[in-house]
Amino acid sequence: MSAARIVFIGGLLSYRALFNWLNPWIFIPTLVLLPIFQILLFAFMGRQANLESDQFFVIGNAVQSASTPCLWGMTSAIAGERSSRTLGLLLASPAPRVATFVGRAIPVIANAWIVSLISFAVGAWLLRVDLPPSRWPAIAVLVLVGSVSCTGLALVLAAISLRVRDTATLANSMYGVLLIFCGVNVPLAALPGWMPAVSAWLPLTRTIEATREVAAGASLGHVGGLVLHELALTSGYLLLGICILRYFEASSRAKATLEVV
Amino acid sequence: MTSTVEVTDLCRSFKTSTGLLWRSHRTTEAVRDLSFSVERGELFGLLGPNGAGKTTTIKMLITLLLPTSGVARVLGIDVARDPQAVRSRIGYVFGGERGLYERLSAADNLRYFAELYGVSPRSQRTRIAELLELVDLSGREKERVEGFSRGMRQRLHIARGLLHDPEVLFLDEPTIGIDPVGARQLRELVVRLREAGKTILLTTHYMLEADLLCDRIAVIDKGQLLALGTPTELKSSVDIGQVIEVETFGLPQTAIDRIETLDGVRTVTASVRGHLQLLVVQGHPGAEVTGSVLAAVDDQVVHRVLTREPTLEDAYVALVGGS
Ligand SMILES: Nc1ncnc2c1ncn2[C@@H]1O[C@H](COP(=O)(O)OP(=O)(O)OP(=O)(O)O)[C@@H](O)[C@H]1O
Ligand SMILES: [Mg+2]
């Protein structure tokens, strides 16, 4: 009971406390407008170069737009404890750690899902990408899967940034990695030699592939394998993130690395 | 019956390294062979200069740091072995403005920590209202903490530390940077908590505060215990007697030198205060020196004379200054 409350109520409270982009002056330009600009930029470049379709770019960039709220939201919500000097208080409390930290993932996922859906809808509308209404529910589900999987990876980065005291560098670099490696604007088959091997271990790769298939008319059941694979990878990242947090907490008591108040 | 806090031969060192390429390592011994105990219901003061190891000791007691060696028990539980059992029964408050979620309201800050401490949802609302009342923040609870003054933040910290009604409270410099009236209110609050039966371990740099509040005091420096006792015991333990303060003007150095050689005089310090000179003469215990000091100073230049018993601050300076 108390763990469930820490996940849901605690998660939301701490997300509001530590993610300062929830203010409309940051939220709209950074999380709404920027992804739409990115969709337009790549779609227009594609038109110039006669590569791929507008739909290809809308799907890739809209799904990838979840990565900004995921990476930044999750690292702020965890590593932000350090700059607010509340980490010591948190670690001195008896609260179950997994519930405390993983609870913060829920608002992150919700935020990313909304951001992704908005970029998808606005991008499709601006570029006149015609998708039958019947395909939208499945697309919405896949976009949610993308947000969840990206949050898994973000938890790992958040855990690391708690120790390296730098939230910006890791989140920014990972944004670039996802943009290049996940088939957002360049099909995986066109990536040189070793690169697709990296793509296979990243979130979003399979979600983007599945979303393109569904948009082209496939059913959700048809892409079930991809979705399951994506969720398995997510669980791996979540587990890794939790292990890193646990390890850092334990080693902090011995080496005085996190107890700063 | 065991003590509420029991520290035995406690040590803690820190390894720090500097430099990127040629890393040099250093070890700081922050706490060295510290032993003391705090009894149930006692208000215990931990005094010492900056870097003495007070915060490090508290961090070990509240389970944030492991001792390098030695044992610390809180409520009979070993803090190194069973931190989880200790955490839910103690409260921790440190001084300063940080450590609050700036963008959340005071009430939401408390609500969040109430969740972390497992305060039951049914009692949360009344508990938070009660504590806001206690720390005199009722009516301001809906405001964001970023707009709070230092004193308000400090009181909110205390409310946070009390949410789960802990048996033992660790207060690390709770009155730092607070105005005199605010500090007085905070001290009254601490007294009330003590009256409510809490065991309290407090650190402070204000000697008057320690003298007023503490049942017993430990003075530490460089991680080691220098003295332990009631404020009265500490004052009489050090080698100082009566203190005479003489406000003069234009006293020649020869006169000061002469006073220093008088029988029964331990130390003389002269300092400038505005257009006046302040002479502080510490006597040896039992010695009566007022008469001879005044005889050594020309009546014409004496502005004011004050004789007082040694304060805790005198004792503290004698202890720490001489170490
Ligand atoms: N995390 C740390 N890493 C390295 N050294 C540390 C760490 N924490 C404390 N120290 C060192 O340990 C010593 C004791 O510090 P501590 O904070 O316990 O002092 P304090 O008595 O609380 O001082 P103050 O009155 O200034 O608060 C200092 O020399 C300090 O530099
Ligand atoms: Mg300190």
Side-chain angles (χ1 to χ4, degrees), chain A residues 1-23 25-27 76-78 80-104 107 246 248-261, chain B residues 12-16 28 30 55-56 58-68 79-80 83-105 107-121 124 144-145 157 160-161 163-164 170 172:
Chain A
M1 178 62 207
S2 127
R5 287 182 62 93
I6 288 179
V7 169
F8 292 102
I9 300 173
L12 190 59
L13 274 170
S14 48
Y15 189 62
R16 273 177 47 214
L18 296 168
F19 189 48
N20 61 351
W21 294 10
L22 297 176
N23 156 352
W25 294 103
I26 307 179
F27 192 94
S76 310
I78 289 182
E81 293 286 352
R82 197 161 190 142
S83 42
S84 68
R85 304 278 182 127
T86 38
L87 187 57
L89 295 173
L90 192 76
L91 296 179
S93 84
R97 306 301 193 237
V98 174
T100 307
F101 287 123
V102 173
R104 295 172 186 196
R246 275 190 181 284
F248 281 170
E249 182 178 357
S251 74
S252 159
R253 291 181 74 212
K255 296 186 204 145
T257 38
L258 297 183
E259 34 66 64
V260 209
V261 284
Chain B
R12 172 72 212 201
S13 56
F14 293 107
K15 287 194 179 61
T16 47
T28 313
T55 301
T56 305
I58 290 186
K59 279 183 181 167
M60 287 190 272
L61 292 173
I62 64 171
T63 77
L64 279 184
L65 283 179
L66 283 172
T68 311
V79 292
Q84 204 58 10
V86 175
R87 285 172 184 156
S88 53
R89 295 172 66 186
I90 62 169
Y92 169 44
V93 175
F94 58 91
E97 318 189 38
R98 313 292 301 278
L100 294 162
Y101 297 107
E102 300 281 318
R103 276 187 291 276
L104 293 185
S105 67
D108 279 346
N109 265 280
L110 295 181
R111 211 165 284 145
Y112 185 58
F113 279 95
E115 295 296 348
L116 291 185
Y117 277 89
V119 178
S120 81
Q124 250 182 49
R144 284 178 170 214
V145 168
H157 269 308
R160 179 190 49 69
L163 278 165
H164 53 299
F170 295 90
D172 195 358

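Quantities reported herein were computed from a predicted structural model and do not represent experimental measurements. Below, read A as the first sequence line, B as the second, and so on, with proteins coming before strands; counting in each chain starts at 1.
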Heavy-atom side-chain proximity of Pro83(B) to Arg253(A) below 4.5 angstrom
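The answer is yes, as the side chains (C-beta and beyond) meet within the 4.5 Å cut-off.
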Checking heavy atoms, do the side chain of Phe19(A), its backbone, both or neither come under 4.5 Å from chain B?
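Just its backbone gets close to chain B.
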Proximal component of Leu18(A), with respect to chain B [non-hydrogen, under 4.5 Å]
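Backbone plus side chain of Leu18(A), per the 4.5 Å heavy-atom cut-off to chain B.
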Most chain A-contacting option - heavy-atom pairs closer than 4.5 Å, from His164(B), Lys15(B), Arg12(B):
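Option with the greatest count: Arg12(B).
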Counting heavy-atom pairs under 4.5 Å with chain B, which one of Ala254(A), Ser252(A), Ser93(A) comes out on top?
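Of Ala254(A), Ser252(A), Ser93(A), Ser93(A) has the most heavy-atom pairs under 4.5 Å with chain B.
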Of Leu90(A), Leu12(A), Ile9(A), the residue whose pairing with Tyr112(B) passes side chain to side chain contact (heavy atoms under 4.5 Å, CB included)
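The option that passes is Leu90(A).
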Side-chain donor or acceptor of Glu115(B) paired with backbone N/O of Ser2(A) under 3.5 Å:
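Checked: no pair found.
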Looking at every heavy atom in both Ile62(B) and Ala92(A), which two are closest together, and how far apart are they?
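Answer, listing the atom of Ile62(B) first, then Ala92(A): O-CB, 4.2 Å.
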Which residues pass the salt bridge (Lys or Arg N to Asp or Glu O under 4.0 Å) test with Asp108(B), not counting sequence neighbours?
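If we apply the salt bridge (Lys or Arg N to Asp or Glu O under 4.0 Å) test to Asp108(B), skipping adjacent residues, the hits are Arg16(A), Arg111(B).
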Salt bridge (Lys or Arg N to Asp or Glu O under 4.0 Å) against Arg246(A), all qualifying residues, sequence neighbours excluded
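Arg246(A) satisfies salt bridge (Lys or Arg N to Asp or Glu O under 4.0 Å) with no other residue.
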Contact part of Val79(B) toward chain A, heavy-atom cut-off under 4.5 Å: side chain, backbone, both or neither?
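Contact with chain A involves the backbone of Val79(B) alone.
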Heavy-atom cut-off 4.5 Å, strictly under: side chain, backbone, both or neither for Leu100(B) against chain A?
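Backbone only.
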Return the CG to CZ distance between Leu116(B) and Arg5(A), rounded to the nearest 0.5 Å.
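Going from CG on Leu116(B) over to CZ on Arg5(A), the span is 12.0 Å.
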Checking side-chain contact (heavy atoms from CB on, under 4.5 Å) for the pair Arg160(B)/Leu89(A): CA distance, chi angles, key distance, verdict?
CA-CA 10 Å; Arg160(B) 179 190 49 69; Leu89(A) 295 173; 3.4 Å; yes
Would you find more than 12 non-hydrogen atoms of other residues, nucleotides or ligands less than 6.0 Å from Phe27(A) atom CZ?
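Atom CZ in Phe27(A) is packed in, count exceeds 12.
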